[in-house]
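Scroll down for the structure; my scribbles are underneath it.
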Amino acid sequence: MPAVLETVEQVRCIDVDQYKYGFVTDIESEKAPKGLSEDTVRFISAKKSEPEWMLAWRLEAYKRWLTMREPTWARVDYPKIDYQNAYYYSAPKKKALASLDEVDPEILKTYEKLGIPLREQEILAGVVRPEGERRVAVDAVFDSVSVATTFKEELKKAGVIFMPMSEAIREHPDLVKKYLGSVVPTSDNFFATLNSAVFSDGSFVYVPEGVRCPMELSTYFRINEANTGQFERTLIIADKGAYVSYLEGCTAPMRDENQLHAAVVELVALDDAEIKYSTVQNWYPGDADGKGGIFNFVTKRGDCRGVRSKISWTQVETGSAITWKYPSCILRGDNSRGEFYSIAISNGHQQVDSGTKMLHLGKNTTSRIISKGIAAGKSNNTYRGLVSAHRKAKGARNFTNCDSLLIGHECGAHTVPYIEAKNSSATFEHEATTSKISEDMLFYCRQRGMSAEEATALVVNGFVKDVLQQLPMEFAVEAQKLISISLEGSVG
Amino acid sequence: MAFLEVKNLHVEVEDKKILNGLTLSVEKGQVAAIMGPNGSGKSTLAYVLAGKDNYKVTEGDVLLDGESILEMAPDERAAKGVFLAFQYPVEVPGVATMTFLRTALNAQRKTRGEAEFSTPEFMKLVRETSKHLGIDQEMLRRAVNVGFSGGEKKRNEILQMAVLQPRLAVLDETDSGLDIDALKIVAEGVNRLRSPERSMIVITHYQRLLNFIVPDVVHVMAKGKVVKSGGKELALQLEAKGYAQFADEAA
Ligand SMILES: Nc1ncnc2c1ncn2[C@@H]1O[C@H](COP(=O)(O)OP(=O)(O)OP(=O)(O)O)[C@@H](O)[C@H]1O
Ligand SMILES: [Mg+2]
């Protein structure tokens, strides 16, 4: 078969069934009754032994949500979600473990299958590494409850607070009250409001003034229960001069029914602080016919509240049936900086509508956007970005580069940039390219001995290199693997 | 039977007939030069041997070591030892030359059922090979052919050939764009790879290259077929009189 046809063929039969992580862990779980009502919200709050103020906060969000409509502006198309036909809380029955040895072996097996790097598995298994080696602390969110938190002691020594959100609500109510909802208000958007009402758990991080977090913080999310919406809530605060790098990685088991996922992540960087947030997202994308798969509606926003603060989002998006996600930065502090580096790969019937917002409010604020979209199969991949400069944002600067790569003839790539400059001294640069994967390039690789699949993976990895370089080392290696996996089956 | 047998090959591209019953054999260990005017189909022959898409073989066959390769994918042919040094090497942005080479070598070895090279083994191999070709390590870290000068691109092709150790190497105008020093380095690189186990087809317009890479035979192509074959003196004759003398024979 000639190569062009072959490539098309490859892509056509990309087998999403090959999704490696489609399995279900068998542990008993405890669910809230089906559907969403004030009672559901009370049930969740009670399950978490939350204080009264938290319940009140949730209820207010719930009431607000009842008056809101699901947004329709994104270039995604999905059957109507029946919010009354889902479960909003599910937790493994065994919880609150005193030590890692008590982690359910089923869960450890799950991590193994997920291919969580050996290093982190060791940590989960409690292997002690010699001092001085770079470590990763894992706060494992399994379904809705954090079941294991590692390295707590060492972080504590540094004064870093890293714990499940549910625990932080009880142990650090002042910090939570001060910052929760301060970046993404409860009324922000339909999905964020829903999350505010029913969020299950997530991570809470506080890095005190002048502290450089001694290790990369990492969380693995898994959806395990059929019909269980996942509503993580993460809040990260870097106090003056603090630094923290946070890694988030997701995979989910195979499901028939669509699963709703609506996370909220809030970042707050005070004066001279820096937060680096990296995501590798690999939720179940659905089967070869586009059936099943996760609906991923995420609100991620960082507030560069202090002067010279910096927030950097890096994401590798390969999974989900629907992705609706715009990690953003509010550049409030003078001389603050926001960055967004993204690789979004869509295949099969996946639909991705993702991008960022850079809101320049302070003087001499700068931002940089590098987005690489790869569409294969029958997928649709949209970059949607907003860059705006407020009247007072003198000297604001943005550089945007959006490249799209098409593999095959049935996919689509779209770029939707919005630019608003209310200040004449703002400098916005925008570059965008869309290209088809080059047959000449593939032929060159194949002449040297690479299979069509290897050649495609190599070319794609080259295409996304600028973004891969932004990821912490361990993550970059994992992401590279994921890119090959997600284009796998593209060759018969 | 010769190592490479091209038999009465007819090839079309986009409904345009380019090769018209081309017949050619190259013995094991032989270095054959192919010369011919622009547009006579030399690169087309090279691409068809390598298995490029869109080249439709309407008649004839190509046998490598007695086996027809026309139905094989390009990578399958590569694993069988077919190598093409491109007239216009392709840029692969974002992929370090070193990574590219290693992926290629290990892919071929895997197809042949051989063990993959370990990183240190591979590094040693590449370092030694590139030194001979005057390629510095910095260039190996750069993306494949991106921002390479014309001469660097050609040298990079020869480096790949030296690392991949093919059984049939087709060099398509590897001398074009090279200054005289680079030409000597490349020719030396090619000569080092001459072996009784390796056949080479050297496509060129210039006798000059053939002073350095002395061919065993010279074939002249015109209008999609071989119109004349002879010894190395044939190249000198062409240099002196041009191609016009063969125009009738192709008609
Ligand atoms: N893809 C194509 N579509 C149409 N015509 C083509 C295509 N590829 C090659 N040709 C034509 O086929 C003929 C032979 O081209 P080819 O590149 O093989 O010549 P060549 O002998 O290598 O020439 P040169 O010495 O200039 O490199 C030319 O007329 C060329 O225009
Ligand atoms: Mg040519």
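Since the structure is predicted, the reported quantities are computational estimates derived from the model, not experimental observations. Each chain gets a letter, A, B and so on, in the order its sequence line appears, and its residues count up from 1. Values below: all heavy atoms of this structure, side chains included; hydrogens, waters and symmetry mates excluded.
With rounding to the nearest 0.5 angstrom, the CG atom of L84(B) is 6.0 Å from the CZ atom of F443(A). Here NZ of K110(B) is found 11.0 Å from CE of M450(A). Values are rounded to the nearest 0.5 Å. In this structure, L458(A) CG and T99(B) OG1 are separated by 7.5 Å, a value rounded to the nearest 0.5 Å.
For chain A, the option among K80(B), E91(B), Q160(B) with the highest count of heavy-atom pairs below 4.5 Å is Q160(B).
Contact check on E157(B) versus R448(A) returns a salt bridge, with a Lys/Arg side-chain nitrogen under 4.0 Å from an Asp/Glu carboxylate oxygen. By the 4.0 Å N-to-carboxylate-O rule, D440(A) lies close enough to K52(B) to be salt-bridged with it.
Proximity to chain B is limited to the backbone of F463(A), based on heavy atoms less than 4.5 angstrom apart. Residue contact with chain A, scored on non-hydrogen atoms closer than 4.5 Å, involves the side chain of V144(B) exclusively. Contacts of A79(B) with chain A are absent, with no heavy-atom separation under 4.5 Å from either backbone or side chain. With a 4.5 angstrom heavy-atom cutoff, F100(B) touches chain A via backbone and side-chain atoms both.
Nearest heavy atom pair, residue G449(A) against residue A107(B), reads O-CB, 3.3 Å.
Of the possible donor and acceptor atoms, none in the side chain of Q447(A) sits under 3.5 Å from a partner among the backbone N and O of F86(B).
Heavy-atom contacts from other residues, nucleotides or ligands closer than 6.0 Å to NZ of K124(B) number 12 or fewer.
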